[in-house]
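Report on one structure; see the data block that follows.
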Amino acid sequence: MTSPEDTRTVTPSSQQPGTSTHDAEVIIVGGGPVGMGLAIELGQRNIRCIVVERYEQPQPIPKGQNLTQRTMEHFHAWQAEKELRAARTIPPEYGIGGLTAHGTLLGPYSYDWLQRDLVKPYYYTANERLPQYATEAVLRARAAQLPSVQLLTGHDAVEVAQDEQGVSVQVAPRGEAGGQAPRVLRAAYAVGCDGARSRVREQSGITQTRTDHDRLMVLLVFRSTGLHELLARFPGKSYYNVLQSELKGYWKFFGRVDLGSTWFFHAPVPPGTTAENFDFKAYVQEAVGAPFDVDFEHIGFWDLRFMLADRYRQGRVFVAGDAAHSHPPYGGYGVNSGLEDARNLGWKLAAALQGWGGEALLDSYDAERRPVFRSTIDDFIAKSIETDRQFLESHDPARDREAFEAAWHARAHGAVGEVHAFEPHYEGSPVVGQEEGQAAAVCSAKGSHRFDARAGHHLAPALLPDGRNVFEAFGAGYTLLAMGADPASVQRFAAAAQQAGLPLTVVQTQAQGEAARYEAPLVLVRPDAFVAWVGHSVEVDEGTVQAVLQRVQGR
């Protein structure tokens, strides 16, 4: 007999990974945030993996800075949240919000933009901001603590091939050791986390669909204390988006790297622009609307385009992060999407390798993540560019100030709605239980933040009657939240999971306080904190239990 507040974990003996003649169970090509996050997800599940990374140290380019609340849940699960927050380059007491301005940053029109703190109640952790190289350093340090993770730096993956038994990855040293002979690593699976020009994607035969916007963009990194002083009028802001009619919806975008001196700047530039033939100092000063000191540290260029792989899996090879999808750095969606790829794929690979997940579970990585990014492009990033273009064509304060100000006020309200609407979910996933009325459900980035438990959606946090947050009660595998459910039904789940080899943690509690917001006596939660199935009745028969577990395992 269990107590009213009880947690039990069913860990079948078949869950233990077996021996292998391979060098590793998974080879990860690319040791950026996505590759290292995947390695940690696997390593914490005792999956042997090798990360092949070309650079000895993280590259000091300040990209991928905005980390959402959901991404910080990953760092919590990877036992690196505290270390990541300590690596922050902007003091915690200084805010990390953003604003959008019209004309220039110092002009009369601006509003708060991308206020992700608005959805904080629906996540267990707060959002964060720091340069990608600082994030990579934290992830490398955490991975180094895991004996099942090997980081092979200073090496290129030059050839990837697969057969029925596994994947071969030929690696060769770079730099001073570049004359050494390449060697071949073998694993059951390989994952390309090697960026938008992914060699893994190309050599595995995964095609991609690209949408070019015919825009050459510049990335500037510069030092300026004067800009910090000029922007003191916007306390607590760390990134700044400038709309100008001649840009036709494309942005000039500033961001802080630290507090007071270092900045980055993205903006369109004319075709043929080089570091030598363009006055970048005047360009950034014009966007701000005032002169200030500028000392450039980096001038680079990139083409504005969207890319989406036509599939995320080819046999034993997968792609994740920029190797699977890439887009302009608008809205901070890129690194967050890549880290969600890592979290989604990692536990599924572990399930397959440990024997409790089927092929359909591996296939669900593509079925879930690819439509979500397609929606991220269509419903948020590309839509934002088009919406801005239409606004700038229709409204000009010099032409009709009253109409402009009314439309500007409406935009400010819409910016709040965008944050609430960005809620990636897996309704329609083949490994998620379907509720009545979900016949036409599809995985999408567009949804709504709610506290009630919904199949395919992220589970909101809740304080349990015993004082723990539900996120502190999760097991490494699936978790069954039983809140006033029939004890016999709960036992059916535990017994069926044991028989199926499914690792299951059972949390028995009462539907009181915040837990009552789930509005269901039974909630089955996946290892990535998404809801796999919701039981709205206190009793569940044996047939339903068996069907639910077979579905979520990909059998």
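Remember, it's a predicted structure, so these values are computed and weren't measured experimentally.
Judged by distance alone, the side chains of Thr262 and Arg223 do bring a donor and an acceptor atom under 3.5 Å apart. Under 3.5 Å, the side chains of Asn127 and Thr68 contain no donor-acceptor pair of N or O atoms. Gln208 and His325 share no donor-acceptor pair across their side chains, judged by distance under 3.5 Å alone. Between the side chains of Glu405 and Tyr109, at least one donor N or O sits under 3.5 Å from an acceptor N or O. A donor-acceptor pair shorter than 3.5 Å can be found between the side chains of Asp258 and Ser261. Side-chain contact annotation: Arg411 with Tyr111, donor-acceptor N/O pair under 3.5 Å present. In summary, the side chains of Glu427 and His457 do present a donor paired with an acceptor at a separation below 3.5 Å, with no hydrogens or angles considered. Between the side chains of Asn277 and Thr274, a donor-acceptor pair is found at a separation under 3.5 Å. No donor-acceptor contact under 3.5 angstrom links the side chains of Ser224 and Asp295, judged on distance only.
How far CG of Leu99 is from CG of Leu105: 6.5 Å, rounded to the nearest 0.5 Å. Atom CG of Leu459 sits about 11.5 Å away from atom OH of Tyr123, to the nearest 0.5 Å. Taken from CG in Leu38 to CZ in Arg343, the straight-line distance is 12.0 Å, to the nearest 0.5 Å.
Put simply, the side chain of Gln44 never gets that close to the backbone of Glu41: no donor and acceptor are under 3.5 Å apart.
Side-chain contact between His228 and Leu231: absent, with no pair of heavy atoms (C-beta onward) separated by less than 4.5 Å. Side-chain contact between Val335 and Leu67 is present, with heavy atoms from C-beta onward closer than 4.5 Å. Between Phe318 and Asp341 the shortest side-chain heavy-atom distance does not fall below 4.5 Å. Side-chain contact between Leu219 and Trp302 is present, with at least one heavy-atom pair separated by less than 4.5 Å. Side-chain contact between Thr211 and Arg305 is absent, with no heavy-atom pair separated by less than 4.5 Å.
Taking the ring centroids of His449 and Tyr122, they lie under the 6.0 Å cut-off. Between Tyr124 and His76, a ring centre-to-centre spacing shorter than 6.0 Å is recorded. Aromatic ring centroids of Phe264 and His266 lie under 6.0 Å apart. For Phe278 and Tyr283, the gap between ring centers is short of 6.0 Å.
Ionic pairing of Glu393 and Lys248 is not present here: no N-O contact between side-chain nitrogen and carboxylate oxygen is shorter than 4.0 angstrom. Ion pairing between Glu386 and Arg389 holds under the 4.0 Å rule for side-chain N and carboxylate O.
The side chain to side chain contact (heavy atoms under 4.5 Å, CB included) test applied to Arg54 returns Asp156, Arg174, not counting sequence neighbours.
Taking the six-membered ring where tryptophan is involved, the planes of His395 and Phe391 are tilted, since the angle between them lies from 30° to 60°.
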